[in-house]
A.B. asks: 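One structure, pasted below without further comment.
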Amino acid sequence: IDVAQGRSIKQWEHPTGGAHDLAFFSTGKRVLAAHADGGVRIWDLETSKAEKTLTEPTARRNVRVVVLTPDESKVIWGGDESWLYVHDRKTGKTRSVSSELNQIYTISCSPDGKQVLVGCRGRFNSFLFELSSLRLLKKSPPHPTNMVSATAYLNEKIAISGDHWGTMMLWDVQTGKRLETVGHQVSLISGLLFDQDRKALTGGWDLQLIQWDLETGTVQHSLPLANPIRRVSVSPGNRQIAISDEGTGWFWTDARIFPEKRKQLTDAGIALRSLDFSPSGETLLASGNREGRLQIYSTKTLRILRSFSRKDDPFQTSAFSPDGSDFVAGTFTGKLLQGREMKALSDPQRTSISRIVFHPRGRFFASSGENGSIWMREAETGKAVQKETSHRGRVDGLCFSPDGRLMASSCINGEVRIWQCSHYGSEIKLRTLFRLPGKVGDLCFALDSRHLLTTNHNGTAYLLRLK
């Protein structure tokens, strides 16, 4: 982009996916790129060709940020793999450190190039390393949302870090002490579920799992947790509860005793994206952890019955069919795999699959993508029978109403779309469009199919009445 004229000079696409971060060399003729496929590349802006690849692509790595040291002698990068990498351009050697790091979102170099400040998820969000030895020097005080998305040096003594939802901290890099906090914590509600007694479970980045009475809007129970909550699921008949947080998965064998007597899901992995009970409630599908696994649990013993792993193309989400005889899983690259044989279905979506939901009658299912697409598919073959691309951003919520007449989808741009479904769910037609403040996450229909509960990144759950 020509900044002075405000116009695009050149554009090109990389076949393996977009770039999360860019860093210019001082000449302005080359640029570093951190790619979604795990590759770190140096691009020649005149030829639009990758001049050099510093790390071999792997979907599991998913590099999020890349920076140059002030003298441009070293390249530093990190991402979902939770390792910090430092590449010496002169020797060609790459060093790495994990220490207490979690998913890395931001990296900053000190003005003299001797230290590097790393921001990530976790209890302690900002880490200060000595660049020459990669020795950990200091850890910053924790941010309330457990996720640092921006870091910078103000000078050699003071650094600033900002979290995902608006809180900024000034802190002394020599002592690790907080100097000042600006902004406030905003609670992201990231998972929810109704039951027939008009109660809802919500959980989010405020580290609390809350049971609400929807008639009065009051809190019935509150359970503090150590990590932000990613997903909430309740078994058919509201007998059991399963949740995932940034650390692990938790399970209640009897929903009536919530919030007491929880059990940990063994070997669940970190940050599960998807939890789905079978119709009988006897098994639980858990997928989308950072290790790239999909696991089937027995809800009676909490033992793993079957485990599948795709390190180079990790599972993102999964769902049981309405009769519980089969399931479908979606991957990072858009592939759809069916059942215990992991049969590849037709028509891959070619974008990371964010949600899979079956129509109640079982002949068709819907899959949504990171690019805002929704595809209606045959359950047996996965063949796409309808493609919708009206959402402008990642689809985080997708569900059918219990009577199968409606489907709801939500997008990070604040849109909630209500679709009219054909009898078996093979076709959908837009019926109603809601625009809610902020990003919309998960959503769920009430049993009467006339009310829809949505989550929102501003900390509010909205109950929508459908005509």
Side-chain angles (χ1 to χ4, degrees), residues 191-200 214 232-238 274 276-281 317-328 330 336 353-369 372-391 395-411 414-436 440-456 461-467:
L192 55 82
L193 217 86
F194 267 125
D195 71 11
Q196 67 261 33
D197 297 323
R198 295 188 63 80
K199 297 184 180 66
L214 296 180
V232 180
S233 184
V234 178
S235 69
N238 308 299
S274 178
D276 188 47
F277 282 95
S278 64
S280 67
T317 186
S318 54
F320 275 110
S321 61
D323 63 3
S325 63
D326 210 351
F327 67 87
V328 173
L336 289 159
I353 304 294
S354 57
R355 290 286 184 274
I356 294 173
V357 290
F358 276 85
H359 187 270
R361 294 184 177 88
R363 293 191 183 182
F364 295 86
F365 69 90
S367 63
S368 62
S373 62
I374 300 174
W375 291 19
M376 309 305 295
R377 300 174 176 273
E378 292 179 353
E380 186 174 347
T381 65
K383 179 182 177 181
V385 295
Q386 184 178 346
K387 302 176 183 179
E388 282 291 337
T389 58
S390 51
H391 278 296
V395 176
D396 276 339
L398 192 67
C399 64
F400 285 103
S401 61
D403 62 12
R405 296 180 179 180
L406 301 175
M407 186 182 79
S409 59
S410 62
C411 180
E415 287 184 355
V416 175
R417 292 175 181 260
I418 310 298
W419 307 85
Q420 188 74 45
C421 300
S422 60
H423 182 70
Y424 289 106
S426 60
E427 298 178 5
I428 57 172
K429 183 179 180 181
L430 183 63
R431 170 178 163 173
T432 311
L433 172 63
F434 295 95
R435 295 187 186 277
L436 301 179
V440 180
D442 205 359
L443 38 74
C444 180
F445 275 98
L447 291 178
D448 63 7
S449 298
R450 296 170 55 192
H451 294 82
L452 183 74
L453 188 64
T454 75
T455 65
N456 197 282
Y462 293 92
L463 183 60
L464 307 177
R465 183 179 289 108
L466 308 177
K467 296 180 180 180

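When reading the values below, keep in mind they use all heavy atoms of this one structure, side chains included, and skip hydrogens, waters and symmetry mates.
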A.B. asks: Let me confirm one number: the CG-OG distance from Asp323 to Ser280, rounded to the nearest 0.5 Å.
C.D. replies: 10.5 Å

A.B. asks: Without hydrogens or angle criteria, can the side chains of Ser367 and Arg377 be said to hold a donor-acceptor pair below 3.5 Å?
C.D. replies: yes

A.B. asks: What are the two closest heavy atoms between Leu436 and Thr454, and how far apart are they?
C.D. replies: CD1-OG1, 3.6 Å

A.B. asks: Checking Tyr424 now: which residues fulfil side chain to side chain contact (heavy atoms under 4.5 Å, CB included) with it, not counting sequence neighbours?
C.D. replies: Arg361, Arg363, Phe364

A.B. asks: Looking only at non-hydrogen atoms, find the nearest pair between Cys399 and Cys444 and report the distance.
C.D. replies: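 That would be SG-CA, 4.0 Å.
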
A.B. asks: Could you tell me the separation between the CZ atom of Phe327 and the CD1 atom of Ile356, rounded to the nearest 0.5 Å?
C.D. replies: 10.5 Å

A.B. asks: Looking at OG1 of Thr432 and CG of Leu464, how far apart are the two atoms once the value is rounded to the nearest 0.5 Å?
C.D. replies: 10.0 Å

A.B. asks: Please check if the side chain of Ser354 supplies one atom and the backbone of Ser368 the other of a donor-acceptor pair under 3.5 Å.
C.D. replies: yes

A.B. asks: Can you measure from CE (Met407) to CG (Leu443) and round to the nearest 0.5 angstrom?
C.D. replies: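 Answer rounded to 0.5 Å: 10.0 Å.
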
A.B. asks: Applying side chain to side chain contact (heavy atoms under 4.5 Å, CB included) to Leu466 and Phe445, what does each step give before you reach the verdict?
C.D. replies: CA-CA 10 Å; Leu466 308 177; Phe445 275 98; 3.5 Å; yes

A.B. asks: Does a side-chain heavy-atom distance below 4.5 Å link Pro360 with Pro322?
C.D. replies: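 Pro360 vs Pro322: side chains apart.
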
A.B. asks: Applying salt bridge (Lys or Arg N to Asp or Glu O under 4.0 Å), name anything that partners Asp396, two or more places apart in sequence or on another chain.
C.D. replies: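 Only Arg394 meet the salt bridge (Lys or Arg N to Asp or Glu O under 4.0 Å) criterion with Asp396.
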
A.B. asks: Search all heavy atoms of Cys421 against all heavy atoms of Gly404 and return the closest pair with its distance.
C.D. replies: CB-O, 3.5 Å

A.B. asks: Name all residues meeting the side chain to side chain contact (heavy atoms under 4.5 Å, CB included) criterion together with Ser409; count only those two or more places apart in sequence or in a different chain, and write none if there are none.
C.D. replies: Ile374, His391, Val395, Leu398, Arg417, Trp419

A.B. asks: To the nearest 0.5 Å, what is the distance between CG (Asp448) and CZ (Arg465)?
C.D. replies: 10.0 Å

A.B. asks: Kindly write out the residues that satisfy side chain to side chain contact (heavy atoms under 4.5 Å, CB included) with Gln386, not counting sequence neighbours, or none if the list is empty.
C.D. replies: Met376, Glu388, Glu427, Ile428

A.B. asks: Return yes when atom CD of Gln420 has more than 12 non-hydrogen atoms of other residues, nucleotides or ligands closer than 6.0 Å, and no otherwise.
C.D. replies: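 More than 12 within 6.0 Å, yes.
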
A.B. asks: When rounded to the nearest 0.5 angstrom, what is the spacing between CG in Leu452 and CG in Leu406?
C.D. replies: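 If we round to the nearest 0.5 Å, Leu452:CG and Leu406:CG are 9.5 Å apart.
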
A.B. asks: Can you name the nearest heavy-atom pair linking Gly441 to Ser410, along with the distance?
C.D. replies: O-OG, 2.5 Å

A.B. asks: So, for His359 and Phe400, which heavy atoms are closest and what is the spacing to 0.1 Å?
C.D. replies: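 Where His359 meets Phe400 most closely, the heavy atoms are N-CE1, 3.5 Å.
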
A.B. asks: Just jot down the ring-ring contact (aromatic ring centres under 6.0 Å, His included) partners of Phe365, sequence neighbours excluded, or say none.
C.D. replies: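 Testing Phe365 for ring-ring contact (aromatic ring centres under 6.0 Å, His included), a comparison that skips the adjacent residues, returns Phe358.
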
A.B. asks: Can you list everything that forms a salt bridge (Lys or Arg N to Asp or Glu O under 4.0 Å) with Arg435? Sequence neighbours excluded, please.
C.D. replies: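 In terms of salt bridge (Lys or Arg N to Asp or Glu O under 4.0 Å), with neighbours along the sequence ignored, Arg435 is linked to Glu415.
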
A.B. asks: For residues Phe320 and Pro279, report the shortest heavy-atom separation together with the two atoms involved.
C.D. replies: CB-CD, 4.4 Å

